[in-house]
Amino acid sequence: MKKIAFSLIVALAAVPAFAVEFTSGDFKANVYGELYADGFYTYSNDGAEGSNSFGSQGFVGSSLLGVELSYGNVKGTFEAGLGDPVRRYFLTYNIGGAEDHFLVVGRDTTIAAYSFGQVSNDAQSLNDFGTLADNRRLQVRYGVKGFELAVVIPSLGSGIWNEENVNDPGYLYNKKDEVIFSAFEVLPRVELAYTYSNDSLEFKVFGAYGAYMYTGEGLSDKVLHSYNVGIGGQANFGNSFLQYTGWYGNNLNLMGALGNLEHNNISAGVENIQSAGVALG
């Protein structure tokens, strides 16, 4: 029997739903929202019967409602979503009132990546096709004049294991889907980045490092080192632009920088996996 699969994107849009700002002296409140609307139709045929399905990724995964409250040099940001009810929540302190000298504490987007791309596939840019994924993680981040240093609180790979995700990069299973080998982060991940920008050019260089230990009954503990280095940016030419990124890394699935779970380090025993990518837009 022939297997047939057909998918069609029927609608795709990303629009700022609204933004409202209120100011009273040194206090400022900004409430904003973004709406992602996309729809997919899929027909599949595996044998005699076919099936139809409809779905959406961007609407649930990326639509958000946010609020920023600031007083003097301190700003608090909170974002809620559908797929991720608490997307981001962090405090920012602008040291000396300077925009380019700050301290961030809370759950914010990681900095050891440069992403650009499309709204489709839930705003995943070109992840798995040349770019690295950034993530929303608990962190402490310091920035000054384009330089940033972040200590990311331990969090393994794509998230917390559950019985429906037996391909999580942090776990090895037996034939009964029971965990026999698991990993945990032995050091908080450290990320570095420097960004330079002017009216015609943006350039970013970044890197990250974290260490993860695999342990299990009757098996020797083993530490895997996860790291990456890369560049990215955008050059503007009148009404046109060129975006670019390039990177190299080791065991990047452990820090959630790859979206493809086929990069599992323990699919056939614990091993190191190197990867690299280049993307142009």
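In what follows, every heavy atom counts, from backbone to side chain, and hydrogens, waters and symmetry copies are set aside.
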Practice item. In sequence, state the C-alpha distance, the side-chain angles, and the governing distance for S44 and S51, and then conclude on side chain to side chain donor-acceptor pair (under 3.5 Å). Key: CA-CA 5 Å; S44 61; S51 62; 2.8 Å; yes

Please list every donor-acceptor pair under 3.5 Å in which a side-chain atom of residues 69-82 meets a protein atom from a residue at least two apart or in another chain.
unit_1, atom_1, unit_2, atom_2, d
E79, OE1, R88, NE, 3.4
E79, OE2, Y32, OH, 2.8
E79, OE2, R88, NH2, 2.9

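- Ring geometry for Y248 against Y227 counts as tilted: the plane angle lies between 30° and 60°, on a 0 to 90° scale.
- Salt-bridge check for K204 with E202: failed, with every basic side-chain N at 4.0 Å or more from each acidic carboxylate O.
- Within the 4.5 Å cutoff, side-chain heavy atoms of T110 are placed close to those of E191.
- For D84, the side chain to side chain donor-acceptor pair (under 3.5 Å) partners are R107, R136, not counting sequence neighbours.
- When hydrophobic residues (I, L, V, M, F, W, Y) are linked wherever their side-chain heavy atoms come within less than 4.5 Å, the members clustered with V190 are L149, L192.
- Counting side-chain heavy-atom gaps under 4.5 Å among Ile, Leu, Val, Met, Phe, Trp and Tyr, the cluster of V104 also holds F90, F102.
- Judged purely by distance below 3.5 Å, without hydrogens or angles, the side chains of Y212 and H225 never pair a donor atom with an acceptor atom.
- Inspection of the N236 and D199 side chains reveals no N or O donor paired with an N or O acceptor under 3.5 Å.
- In the hydrophobic clustering (ILVMFWY side chains linked at under 4.5 Å, chained through shared members), V229 stands by itself.
- Evaluation of the ring pair (Phe, Tyr, Trp, His ring centres under 6.0 Å) rule for F54 yields Y41 as partners, not counting sequence neighbours.
- Residues L242 and Q234 fail the side-chain proximity criterion, which asks for heavy atoms closer than 4.5 Å.
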